[in-house]
Amino acid sequence: MFLFQKISVDKLQEGLQTKRFGRSIFFRREVGSTNDWAKELARRGAEEGTVAIGETQTGGRGRLDRKWISPRGGLWFSVVLRPRMSPSEAVGLVFVAGLAVAEVLQEEFGLKVETKWPNDVLINGRKVCGILAEMNTKGRTVNFVVLGLGVNANFLVEKVFPESLKKAATSVEKELGQKVQLEELFKAVLEKLESSYDQCAERGLAFLLAKWKKHAAFLGRKVEVRSGSEKLLGVALDVDDDGALVLRLEDGSTRRVLAGDVSLRL
Ligand code: BT5
């Protein structure tokens, strides 16, 4: 029995079926945050599809500088994108990443996944993947976007996570009852990511969102949304073509929310 698999750098590219993504891969056993590393690479001119991947992160980040726990056995990587989109369109790239992970977990491993606005993938209501999209703009032009994906793969949350997160998070190993090949998971996600990204560029975000919404079990449900200092209660009606969450509030009015955290109300 092995405690964790070391990532094999060669295997990350072996048989990779992409045109651009992952043609350059930067790998470290330990890294602060792959998003910070990818941003540095992008600033130095890295081409679209460049990947930064770490076996473990000491400074993994979520949104609003929240800590992202990144033990060995997880899939922690970031991709440099140079989309020909406006900043408001590029915000939707977070859905492209969520859809890629959801489809791979469902199609390759038979897991029943859900997407949750804006950046989560869940299994049995627990978070298995989070996405951090960071944009660098100049005026109304997007210089680059770094898309960071964290998938809890080969570890058991009850063994490595703090008490406060044990109920809210899960891992592929826990849900499948066995470990997966990290390099194969990486390649499958990267391949989906490239094809979803290309579809998004060709057919628009609405096309991708329609697929993302098929997994969005929170739609139609009563939710609580925390957005900045506000707490909103209502029914999640839709995610509109700009990626905003549309809520029906308790007074019957509708409200669009651009950023926030959703939890289900039972
Ligand atoms: C996210 O933020 O979900 C974005 C996570 C992005 C992680 C990737 S890993 C590769 C790349 N490099 C980085 O530094 N980041 C990206 P948010 O929605 O704000 O959720 C953060 C919250 O999720 C935390 O406050 C915890 O409550 C919880 N959390 C922390 N680590 C977790 C984990 N491994 N699995 C599930 N939940 C976690």
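In each ligand, atom 1 is the first atom listed, and ligand 1 is the first ligand listed. What you see is a predicted model; the values in this text were computed from it and never measured.
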*asked:* Using the rule ring pair (Phe, Tyr, Trp, His ring centres under 6.0 Å), only one of Phe207, Phe95, Trp117 pairs with Trp212; which is it?
replied: Phe95
*Assess whether side chain to side chain contact (heavy atoms under 4.5 Å, CB included) is satisfied between Thr254 and Leu247, documenting all intermediate values.*
CA-CA 5 Å; Thr254 51; Leu247 284 178; over 6 Å; no
*Atoms of ligand 1 less than 4.0 Å from Ala169 heavy atoms?*
36 (C)
_If the cut-off is 4.0 Å to any non-hydrogen atom of Asn119, which atoms of ligand 1 fall inside it?_
1 (C), 2 (O), 3 (O), 4 (C), 17 (P), 18 (O)
*Distance from atom 10 (C) of ligand 1 to nearest protein heavy atom, with residue and atom*: Thr34 OG1, 3.2 Å
*Pick from Asn136, Leu93, Val94: which one makes a side-chain contact (heavy atoms from CB on, under 4.5 Å) with Val145?*
Leu93
*When you look for heavy atoms under 4.0 Å from ligand 1, do you find them on the side chain of Val128, its backbone, both, or neither?*
neither
_I'd like to check which ligand 1 atoms, numbered from 1 as shown, lie under 4.0 Å from a non-hydrogen atom of Asn35._
11 (C), 12 (N), 16 (C)
*asked:* Ignoring hydrogens, what is the shortest heavy-atom contact between Ala153 and Val180? Give both atom names and the distance.
replied: CB-CG2, 4.5 Å
*Steps toward side chain to side chain contact (heavy atoms under 4.5 Å, CB included) verdict (Gln17, Lys187)*: CA-CA 8 Å; Gln17 307 275 325; Lys187 283 183 275 194; over 6 Å; no
*Do me a favour and list the nearest non-hydrogen protein atom to atom 9 (S) of ligand 1 with residue, atom name and distance?*
Gln57 NE2, 3.4 Å
*If you have a sec, work out which protein heavy atom is nearest atom 31 (N) of ligand 1 and how many Å separate them, to one decimal?*
Ile69 N, 2.9 Å
_Expected output: side-chain Arg82 to main-chain Ala46 donor-acceptor under 3.5 Å_ = yes
*asked:* How far is atom 4 (C) of ligand 1 from the closest protein heavy atom, and which atom is that?
replied: Ile131 O, 3.5 Å
*Identified ring pair (Phe, Tyr, Trp, His ring centres under 6.0 Å) partner of Phe21 from the options Phe186, Phe77, Tyr197*: Tyr197
*Short question: side chain of Asn35, backbone of Leu132 - any donor-acceptor pair under 3.5 Å?*
yes
*Where's the contact between Leu149 and ligand 1, heavy-atom distance under 4.0 Å: side chain, backbone, both or neither?*
backbone
*Got the closest protein heavy atom to atom 35 (N) of ligand 1, with its distance?*
Asn152 ND2, 2.8 Å
_Taking 4.0 angstrom as the limit and counting only heavy atoms of Ser78, give me the atoms of ligand 1 inside it, by number and element._
11 (C)
*For ligand 1, is any non-hydrogen atom under 4.0 Å from Phe161's backbone (N, CA, C, O), its side chain (CB onward), both, or neither?*
side chain
_How close do Leu193 and Ala97 get, counting heavy atoms only, and between which atoms?_
CD1-CA, 3.6 Å
*Under 4.0 Å from any heavy atom of Phe77, which atoms of ligand 1 are there?*
10 (C)
*Who's closest to atom 30 (C) of ligand 1 heavy-atom-wise, of Lys67, Arg66, Arg63?*
Lys67
_Sidechain-backbone polar pair: Arg23 side chain, Thr50 backbone, donor-acceptor under 3.5 Å_ = no
*Around atom 20 (O) of ligand 1, find the nearest protein heavy atom and jot down its residue, atom name and distance.*
Lys127 NZ, 3.2 Å
_Asp120 side chain to Leu122 backbone, donor-acceptor under 3.5 Å_ = no
*Starting from atom 37 (N) of ligand 1, locate the nearest protein heavy atom and write down its residue, its atom name and how far away it is, to 0.1 Å.*
Trp68 CZ3, 3.7 Å
_Positive for side-chain contact (heavy atoms from CB on, under 4.5 Å) with Glu194, one of Val189, Val96, Val79, Thr18_ = Thr18
*Interfacing atoms of ligand 1 (cut-off 4.0 Å, heavy-atom, Gly60)*: 14 (O)
*Taking non-hydrogen atoms only, is Ser164 closer than 4.0 angstrom to ligand 1 via side chain, backbone, both or neither?*
neither
*asked:* Looking only at protein heavy atoms, which one is nearest to atom 15 (N) of ligand 1, and what is the separation?
replied: Arg61 O, 2.8 Å
